[in-house]
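A short write-up of the structure that comes next.
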Amino acid sequence: MTDFPYGRATSMSGAAARGVLADITFRPLRGGNDPADCTPAPVDADSAVVRVGPGGAAGGTLTVLLVRATDGFADYVDGARRCGEFALGGTVGTVVHTQVRDVDDDAGIARIDRTVRMGVAQPGFTAPQSAITEWMAQRGDIRVYVHNRRPADAGELSDGENSATRALFDDARRRAFAAPS
């Protein structure tokens, strides 16, 4: 998939792909999240397809991840709802805030917004923050994510960026779940 809305995407593999998987799924490469039940179920890293491209005017990145999941759609959404705030394992002071925005159970589609604060809050120091708009769909064990990750101080995505992110998601979902010919 090279037709990202803001420029050419790059395929990721090996260690780089595993790092992207950890960033997208919020399942640390080492350790677990706190609370422990906020550590998502594993996905199959060996069969994952990862593409990363520029994310638009907000200055971030768009990532498409196609992966085999070990849990179901409802389990994933329930975990996101239950874990509105958790400490990301394997890092010091990284906290993830999660808000489930839209869910279509029949279609297996969810929009989840997240803010990630990276580092311990200290007087006189503002820890860097990222904002994430995530679209996720799942059929059976096939899950597709589209993440628009940007600096949190860039604010909300513009209508155009929201539309471009959703269009990329719709295209990725259509391709992921296309019936074989």
Side-chain angles (χ1 to χ4, degrees), residues 1-12 16-17 19-27 38 40 43 48-67 69 73 76-77 79-86 88 91 93-119 121 125-139 142-178:
M1 177 175 297
T2 58
D3 49 352
F4 275 42
Y6 301 107
R8 189 164 182 80
T10 302
S11 294
M12 308 296 283
V20 172
L21 259 70
D23 285 347
I24 301 293
T25 64
F26 295 96
R27 182 177 175 82
C38 290
V43 296
V49 177
V50 182
R51 306 271 193 287
V52 179
T61 58
L62 276 168
T63 304
V64 174
L65 169 61
L66 177 64
V67 68
F73 175 78
Y76 182 84
V77 172
R81 283 187 174 127
R82 186 180 65 254
C83 296
E85 179 177 312
F86 62 92
L88 188 61
T91 62
T94 298
V95 177
V96 180
H97 297 273
T98 302
Q99 180 183 15
V100 178
R101 297 274 305 259
D102 298 304
V103 177
D104 182 339
D105 291 314
D106 294 334
I109 296 172
R111 176 182 169 179
I112 299 172
D113 290 347
R114 301 182 196 266
T115 304
V116 180
R117 186 191 75 227
M118 297 156 278
F125 171 74
T126 303
Q129 294 188 46
S130 293
I132 299 163
T133 300
E134 168 189 304
W135 285 95
M136 186 278 282
Q138 185 167 339
R139 285 191 192 159
I142 303 298
R143 184 179 294 163
V144 62
Y145 299 84
V146 171
H147 268 215
N148 189 316
R149 183 182 294 244
R150 62 210 175 270
D153 60 4
E156 294 293 319
L157 294 176
S158 70
D159 289 343
E161 290 168 308
N162 266 320
S163 293
T165 300
R166 179 60 197 254
L168 180 63
F169 169 72
D170 289 340
D171 183 51
R173 181 171 56 100
R174 187 181 70 253
R175 291 176 190 221
F177 303 136

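Predicted, not measured: the structure shown is a model, and the values here were computed from it.
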Rounding to 0.5 Å, atoms OH (Tyr6) and OG1 (Thr165) come to a distance of 6.0 Å
For residues Glu85 and Val95, determine if any side-chain heavy atom of one lies less than 4.5 Å from a side-chain heavy atom of the other.
-> yes
Kindly give the heavy-atom pair with the smallest separation between Gly53 and Phe4, and that separation in Å.
-> N-CE2, 3.7 Å
Inter-residue atom distance Tyr76.OH - Met136.CE, 0.5 Å rounding | 5.5 Å
Any sub-3.5 Å donor-acceptor pair from Arg149's side-chain atoms to Gly60's backbone N or O?
-> no
Is any side-chain heavy atom of Thr63 less than 4.5 Å from a side-chain heavy atom of Met12?
-> no
CZ/Arg101 to CD/Glu134 distance, rounded to the nearest 0.5 angstrom?
-> 13.0 Å
Going from CZ on Arg143 to OG1 on Thr25, what distance comes out if it is rounded to the nearest 0.5 angstrom?
-> 9.0 Å
Taking it one step at a time, do Arg111 and Thr133 satisfy side-chain contact (heavy atoms from CB on, under 4.5 Å)?
-> CA-CA 7 Å; Arg111 176 182 169 179; Thr133 300; 3.6 Å; yes
Does atom CG of Asp102 have more than 12 heavy-atom neighbours from other groups under 6.0 Å away?
-> yes
Closest non-hydrogen contact found for Leu62 with Pro54 is CD1-O, 3.7 Å
Is the closest side-chain heavy-atom distance between Asn148 and Trp135 below 4.5 Å?
-> no
Derivation of the side-chain contact (heavy atoms from CB on, under 4.5 Å) call for Arg150 and Leu157 = CA-CA 9 Å; Arg150 62 210 175 270; Leu157 294 176; 3.4 Å; yes
Smallest heavy-atom separation, Leu21 atom then Ala48 atom, equals CD1-CB, 3.8 Å
Closest non-hydrogen atom pair, Pro40 against Phe26 = CD-O, 3.3 Å
Step by step, would you call Arg175 with Asp171 a side-chain contact (heavy atoms from CB on, under 4.5 Å)?
-> CA-CA 6 Å; Arg175 291 176 190 221; Asp171 183 51; 3.1 Å; yes
Judged by atom type as modelled, is there a donor-acceptor pair below 3.5 Å linking the side chain of Glu161 to the main-chain atoms of Ala57?
-> yes
More than 12 foreign heavy atoms under 6.0 Å from CD of Gln99: is that the case here?
-> yes
So, for Phe169 and Ala137, which heavy atoms are closest and what is the spacing to 0.1 Å?
-> CZ-CB, 3.6 Å
State the CZ-OG1 distance between Arg82 and Thr98, to the nearest 0.5 angstrom.
-> 11.0 Å
What's the shortest heavy-atom distance between Gly119 and Ala127, and which atoms?
-> O-CB, 3.9 Å
For Leu168, does its backbone N or O pair with a side-chain atom of Arg166 as donor and acceptor, under 3.5 Å?
-> no
To the nearest 0.5 Å, how far apart are CD1 in Ile112 and NE2 in His147?
-> 8.0 Å
